Amino acid sequence: MRSGAGRAGAVALLLVMIAGFCAPLLTALEGQNPSDFNGDLVDGNNGGNPYGSFGGVNGSHWFGVEPGTGRDLFALVVYGLRTTILIALAATVVSVIIGTAVGMSMGYLGGWFETVLGRFVDFMFGFPTLLFLIALQLIVPSDIPKPVVLAVVLAAFGWVGTARLIHTQTRQLAAREFIDAARASGTPLRRVLVGELLPNLIGTLAVVVALSFPATVAVSAGLSFLGVGIGADTPDLGVLIGSSITWTYTGADAGYLIFPSIVLLLIVLGATLLGDALRDAFDVRTEENAR
Amino acid sequence: MPEPLLSLQHVSKTFRGRATPFGSSEAKHAVQDVSLDIAPGETVALVGESGSGKSTLSRVALRLTDATAGRVLFDGTDVTQLRGRGLRALRRELSVVFQDPYTSLNPRQTVARILTGPLRNHGLPRDQKVLDELITSVGLEPEHLNRYPHQFSGGQRQRIGIARALATQPRMIIADEPVSALDVSIRAQILNLLGDLRDERGLALLVVSHDLAVVRGIADRVAVMQDGRLVESGPVEQIYADPKDPYTRSLLDAVPVPDPHRRSRPLPPTE
């Protein structure tokens with residue numbers, strides 16, 4: 001990859017990913033864990049604000065502590081990172097698979113199938129997803145783990161963009177003569193799709209994954225921020241940022257807001273830069289750069 | 001006349017106009033009531049300018065698209081309505097070479113993979129020996145098998161396309177403008193290769209072309225299409241020496257003559 005921004009994005013994303021997956025290791029290194037309450041580190045007379053500067057940053061609490069509870073913020077951030085990444089990754093993988101299957105079958109089969117499914121895709125595209133997600137979170141039984149619910153609903157609405165992009169790409173590819181050549185020699189439908197078409201969509205799919213991952217991270221953090229995503233008991237970046245806002249408004253040190261935000265920014269920005277570089281490298285037309 | 005291998009009987013193909021909110025555009029009658037027989041081992045040239053329906057007719061014959069009316073018979077069997085497995089014999093015994101060797105080969109597949117495809121579809125042996133034979137039969141080397149299409153020139157790619165068409169040992173090949181995307185300098189090589197393979201293997205050949213000069217050396221019979229209709233057909237020498245239809249005459253006039261001072265017909269017979 002020749003793009004400097006893309007390379008920087010890849011490095012940032014990789015670092016954050018590693019940090020998330022090595023969360024237990026990193027917190028062990030720091031000597032903390034995300035569930036210990038340290039009441040002695042916060043000033044009860046000052047609304048539960050941490051002692052010390054910048055939210056109580058010191059050698060044993062690298063990002064300071066959470067106001068009120070005194071939980072170690074670094075541990076919360078790396079564990080939260082892990083939740084956020086896993087949810088977004090699962091949602092992205094599932095939605096890309098659904099989107100690819102729908103888009104490819106529409107683009108290749110055409111006819112009434114394409115028309116009917118195309119209308120459904122348009123309907124889904126215009127659907128007020130966020131409102132629906134909020135409503136759905138409220139009615140789903142509470143014994144289903146919240147992260148799973150979140151991943152499923154993100155996937156259920158995330159495939160639409162992928163389907164549209166893959167649909168147009170497949171239509172263009174299907175018009176190429178090597179597809180006719182495959183059909184003329186009697187290649188079964190499944191093998192035309194998987195053996196002939198899919199390998200030509202790999203570049204596009206890499207871009208789709210790299211660009212829809214950060215978008216999914218942002219939406220899932222947004223939902224948690226609004227309080228309808230992950231419950232407060234599971235460490236999650238969106239939850240952390242959501243609760244930090246209140247603290248920051250009421251005069252707590254901005255460190256509680258800044259550390260999780262920077263990490264979230266690194267994921268989203270890193271993946272987006274990487275995705276943009278991939279898009280340019282593979283010369284894929286997405287809806288953003290089509291105009 | 002022997003039993004035809006491929007028989008197109010009163011074939012018509014109409015493309016429906018596109019429906020828009022402001023009414024639908026006019027339907028296009030790409031092929032209208034065309035009948036054409038090709039005997040085993042015979043080479044027929046289908047000529048006409050672009051838009052005359054010759055490519056559509058060949059796509060109908062290949063069952064890549066459905067005829068609106070008429071029948072397609074291959075080796076005495078009506079294949080017009082067959083689908084899926086019913087088309088196996090046709091798919092195996094009738095191959096195609098496309099015009100553009102840049103889009104007719106899957107850019108993500110090696111040559112070996114491209115050649116294996118048709119063999120796999122019909123459960124034919126596809127070991128190294130078979131592939132080596134195939135690739136050398138079109139004048140390429142076995143070491144080319146592991147390369148990708150972009151590593152070849154246009155002429156070499158068309159050879160790969162021909163090797164793919166030969167893979168299932170068909171009885172007939174339809175070549176849709178097989179040389180028009182190639183440099184003039186290599187057209188003769190590809191046409192000669194097609195002619196040699198036809199002679200060696202007793203193939204029937206339908207060569208679609210807009211260029212009468214291209215098909216002269218290779219065809220036994222010429223069929224001329226204009227606006228979706230067959231306007232003239234006959235032995236190649238007769239068409240060249242004494243074209244009946246004014247359209248055929250205008251096509252012949254478009255063929256450049258090596259010596260402009262001898263521009264007048266009839267052209268001297270070849271061979």
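Keep in mind that what you see is a predicted model, and the values were worked out from it rather than measured. So that the names make sense, note that chain A is the first sequence line, chain B the second, and so on, each numbered from 1.
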Legend entry - A:R164 bridged to A:D122 by N-O distance under 4.0 Å: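 Salt bridge: yes.
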Inset, instruction - Verify whether one side chain among B:R201 and B:Q169 offers a donor that lies under 3.5 Å from an acceptor in the other. - result: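 No, B:Q169 and B:R201 have no side-chain donor paired with an acceptor closer than 3.5 Å.
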Would you compute the distance between atom [atom1] of [X] and atom [atom2] of [Y] and round it to the nearest 0.5 angstrom?
X	Y	atom1	atom2	value
B:I38	B:R171	CD1	CZ	13.0 Å
A:L109	A:L189	CG	CG	6.0 Å
B:T68	B:F15	OG1	CZ	7.5 Å

Legend entry - Closest heavy-atom pair and its distance - A:V268, A:P214: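 Nearest pair, atom of A:V268 first, then A:P214: O-CB, 3.6 Å.
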Counting heavy-atom pairs under 4.5 Å to chain B, which of [options] comes out on top?
options	value
A:D180, A:L197, A:T187	A:D180
A:A182, A:A175, A:G186	A:G186
A:G195, A:P188, A:S185	A:S185

Residue of the set [options] for which side-chain contact (heavy atoms from CB on, under 4.5 Å) holds with [X]:
X	options	result
B:S55	B:V31, B:V60, B:D176	B:D176
A:R171	A:M104, A:M106, A:E114	A:E114
B:L206	B:L57, B:L36, B:I173	B:L36

Legend entry - Most contacts with chain A, counted as non-hydrogen pairs under 4.5 angstrom, among B:R108, B:R88, B:R59, B:Q109: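 It is B:R108.
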Inset, instruction - With chain A as the partner chain, list the residues of residues 92-106 of chain B whose heavy atoms fall under 4.5 Å from it, by residue number, and write 'none' if nothing qualifies. - result: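 Residues in range: B:L94, B:V96, B:F98, B:Q99, B:D100, B:T103, B:S104, B:L105, B:N106.
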Inset, instruction - Enumerate by number any residue of residues 112-138 of chain B whose heavy atoms lie under 4.5 Å from heavy atoms of chain A; in the absence of such residues, state 'none'. - result: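 Near chain A, by residue number: B:R113, B:P118, B:R120, B:N121, B:H122.
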Legend entry - Steps toward side-chain hydrogen bond (donor to acceptor under 3.5 Å, both in side chains) verdict (B:S209, B:D211): CA-CA 5 Å; B:S209 179; B:D211 188 350; 5.6 Å; no
Legend entry - Exam field: side chain B:R147 to backbone B:F152, donor-acceptor pair closer than 3.5 Å: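 Not at all, since once roles are kept as given, no pair shorter than 3.5 Å links the two residues.
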